[in-house]
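Scroll down for the structure; my scribbles are underneath it.
For ligands, and for the atoms within them, numbers begin at 1 and follow the listed sequence. Nothing here was measured: the structure is a model prediction, and the numbers come from that model.
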Amino acid sequence: MANLRFEVVAEAFKKRPVEVDAPKTRPSEYFAKYVFNRQKMYKYLPSDVYEKLIDVIDNGTRLDRSIADSVAAGMKLWAEENGVTHYTHWFQPLTEGTAEKHDAFVEHDGKGGMIEEFSGKLLVQQEPDASSFPNGGIRNTFEARGYSAWDPTSPVFIIDDTLCIPTIFISYTGEALDYKAPLLRSLHTLSEAATDVCHYFYPQVKKVQTNLGWEQEYFLVDESLYSARPDLMLTGRTLMGHDSAKNQQMDDHYFGTIPERVQAFMKDLEIHALELGIPCKTRHNEVAPNQFELAPIYEECNLAVDHNMLLMSLMKRVAHKHSFRVLLHEKPFAGVNGSGKHNNWSLCTDTGVLLHAAGKTPEDNLRFVVFIVETLMGVYKHNGLLKASIMSATNAHRLGANEAPPAIISSFLGKQLTDLLDHIEKADKEELFALAGKKGVELDIPEIPELMIDNTDRNRTSPFAFTGNRFEFRAVGSEANCASSLIVLNAAVAEALQNFKTRVDALIEAGEDKTSAIIDVVREDIKTCKPIRFDGNGYSDEWKEEAQKRGLDCEASSPVVFDRYLDKESIDMFAKTNVMSESELKARNEVKWEIYTKKIQIEARVMGDLSMNHIIPVATHYQSRLAKNVEGMINIFGGEEGKKLTARNVKIIREIAERTQTIETGVEALVNARKVANRIESEREKAVAYHDTVAPKMEEIRYQIDKLELLVADELWTLPKYRELLFIR
Ligand SMILES: NC(=O)CC[C@H](N)C(=O)O
């Protein structure tokens, strides 16, 4: 029997690094080569149009339709010089990928020929005839219109022969059907709320920008091996596979020398990414074998999200060229580290103040404390919702082990900041003020050591860690659209800041001094949000108990966690911050539950197929071989001695029989559980049934299969093993 596994292993071993055609110029010179950035706008647009467009981008003024034609003409000229023939509205539907439909520039010229055309109308709006995007019931197919509308704050770019225009995607009735529209709304509200609070300290601030620096973790698997693993191909993760004897115990992969084939892939990827304006900075081996990471320099949040989406699709394309498959799933392999997408989130004023960084003056430090505490207030109040924002069928496998945070949201602050907040909370109010001669009242907030800036001694089990001048949202999954979690984080912090301002203003109105009012409110909030602060080991059982006592959300079932979107506080918060309406939230949850169900459904089907078509036949084949051996031995040695000599084989024969039987019964039970769940009408209840009754059955089957993998002769096993998937590169 020819074994595909050995063929693909042999093939994978022969592969050499692919030669990468690096540009002759320096990265700074080819950076953003395929992006219609400001330099190109300046070059290709009339100066008055350029000014107006910059005003739209920088100050959020409304796009004057009269300039759209001129902008489109400039873009088209630039694009054609780069060999572009098509354009597409590029958007982010709720599928977690991106979507595009390409149209050619060509039109009839009315004289029997063709001309290239691209008008302002086509740039600004399109109607993707796409009734099959997830919409949670907002768009029924018979009123299927959805619109994509240009987002001028994220520059258009070229991929291959196509001009890609970043857009939002909304329904005929104006509801968001994507991630970008609510993200933009959340950024807008957060900027306003943060600017208002900034005015207590710096009256000249006009707006506050949210920055995002994501870190993308991923696995690479040789393409030949991948092709022999139907579970990887269809579900993105291995549904079975015994631990490799050696995996990450030696800590010898993390930051180790990058394997040659991988280095070539990274180099190629970075060239393409830089040409598309993605400011790639860091690359390294991650903790698990064949796991790696790429991180760019932080950027404005909306742009950073687009860049991450773009990078993920670029990774898939480039990996293919290097005969790899990139795995973005949060937990492709059991027992070793999974992949996160740590989101480094910070706020910065247009005057250049990083709001979560300590400053040089006591006033700066009070501002620092206010922004830290109000961020914690948002995270505390909406901790369950934040968890819902990072939760998915895939990320659920990752949380709670191997350096990924647990499914309880808390925040790590580190000793210095904790001491500072404790001091402010406990000190006498008088103590916080020191009379400074004629200058009047001056604030005495203890000096904050420089060291805080490098608070890198992070707690890897913390979902939301303070790292010196920003927070790192570590719970986000590698496959996710960052926007999902940032929409919630931005809105929650905006709400906390709005709330803070209302209370401070009320005290000022009542005659209290401004600084004193700020201190009063911030001290109250330090106490209120204390339960979210946790610097210890997030994996310990004590923490689970303690978190429960503190009233933090400890639910771990994904479909139930999604309920948090529809809690009254969440609906109110999204309404107050103008980020999402109740109907949008309801529709999104339908989509979340549906996606959850489908993912587990596909996994269960693959599990059934592999069990019946790969595992049981192979195990039975080996069993027959052993049986033949026993028979032969008894023939040679006679009953008594023959039995003694073949006792081990008989034991294995029995064990295989028992395990395959359990697998078969398990698969039947799995099919039945699916049938029952499929009959449930409500998307939520169906997802809950898949979580409670279908998913656990797969675990039981896997357990048996992994045991068989150790029993059955290696030469017969058809699926590439963990050691091959993780160590061949
Ligand atoms: N070194 C690290 O930070 C590991 C992080 C881990 N891979 C995660 O899932 O988040």
Side-chain angles (χ1 to χ4, degrees), residues 96 212-221 236-238 243 247-258 262 266 281-296 298 308 311-312 315 326-345 386-387 389-412 414 454-468 470-482 484-486 489 534-535 537-539 543 556 558 722 725-726:
E96 272 165 11
L212 167 66
W214 42 263
E215 302 164 21
Q216 180 71 53
E217 295 183 333
Y218 60 97
F219 280 84
L220 287 176
V221 169
R237 74 175 180 115
T238 51
D243 282 349
N247 50 49
Q248 63 187 39
Q249 318 82 324
M250 306 291 288
D251 292 325
D252 51 358
H253 186 63
Y254 191 54
F255 283 13
T257 313
I258 300 172
V262 176
M266 288 177 169
K281 176 87 175 167
T282 307
R283 60 183 181 207
H284 61 81
N285 288 0
E286 249 308 322
V287 176
N290 270 355
Q291 190 188 24
F292 307 94
E293 176 176 317
L294 181 151
Y298 71 85
N308 180 250
L311 181 94
M312 288 195 288
M315 283 173 109
V326 63
L327 307 180
L328 293 173
H329 192 292
E330 285 83 2
K331 197 77 177 179
F333 303 100
V336 293
N337 271 28
S339 298
K341 176 149 51 203
H342 306 165
N343 278 198
N344 292 279
W345 174 91
L386 277 163
K387 179 163 64 187
S389 77
I390 56 99
M391 204 41 127
S392 65
T394 54
N395 202 19
H397 289 288
R398 161 183 168 252
L399 299 179
N402 301 103
E403 299 187 298
I408 301 171
I409 300 292
S410 65
S411 182
F412 167 88
D454 192 27
N455 194 24
T456 45
D457 183 23
R458 302 164 294 185
N459 181 329
R460 290 195 165 166
T461 66
S462 181
F464 194 72
F466 176 67
T467 56
R470 60 184 185 272
F471 280 92
E472 183 178 346
F473 197 177
R474 295 175 63 85
V476 181
S478 50
E479 200 171 22
N481 184 324
C482 308
S484 170
S485 52
L486 294 170
L489 179 61
F534 177 65
D535 281 10
N537 174 11
Y539 294 163
W543 170 234
S558 306
Y722 265 31
L725 295 167
L726 288 170

Taking only heavy atoms of Asn337 into account, list the atoms of ligand 1 that are under 4.0 Å away from them. 4 (C), 7 (N)
Say whether Gly338, considering both its backbone and side-chain N or O atoms, lies within less than 3.5 Å of an N or O atom on ligand 1. yes
May I ask you to list the atoms of ligand 1 that are less than 4.0 angstrom from any heavy atom of Ala404? 9 (O)
Purely on distance, is any nitrogen or oxygen of Arg398 under 3.5 Å from one on ligand 1? yes
Assess the side chains of Gln248 and Asn337: does a donor N or O sit below 3.5 Å from an acceptor N or O? yes
Result of checking Gln291, Glu330, Glu479 against Ser339 for side chain to side chain donor-acceptor pair (under 3.5 Å): Gln291
Between the side chain of Ser462 and the main-chain N/O of Phe412, is any donor-acceptor distance below 3.5 Å? yes
Would you say the side chain of Tyr298 lies within less than 4.5 Å of the side chain of Asn344, judging by non-hydrogen atoms? no
Using distance alone, decide if ligand 1 has a nitrogen or oxygen within less than 3.5 Å of any nitrogen or oxygen in Arg474. yes
Please could you name the atoms of ligand 1 that His342 approaches to less than 4.0 Å, counting only its heavy atoms? 3 (O), 5 (C), 8 (C), 10 (O)
Near Tyr539 OH, under 6.0 Å, is it more than 12 heavy atoms from other residues, nucleotides or ligands? yes
Those residues at least two apart in sequence (or on a different chain) that pass salt bridge (charged side-chain N to carboxylate O under 4.0 Å, His left out) with Lys387 are Asp553
Is there a heavy atom of Glu330 sitting under 4.0 angstrom from any atom of ligand 1? no
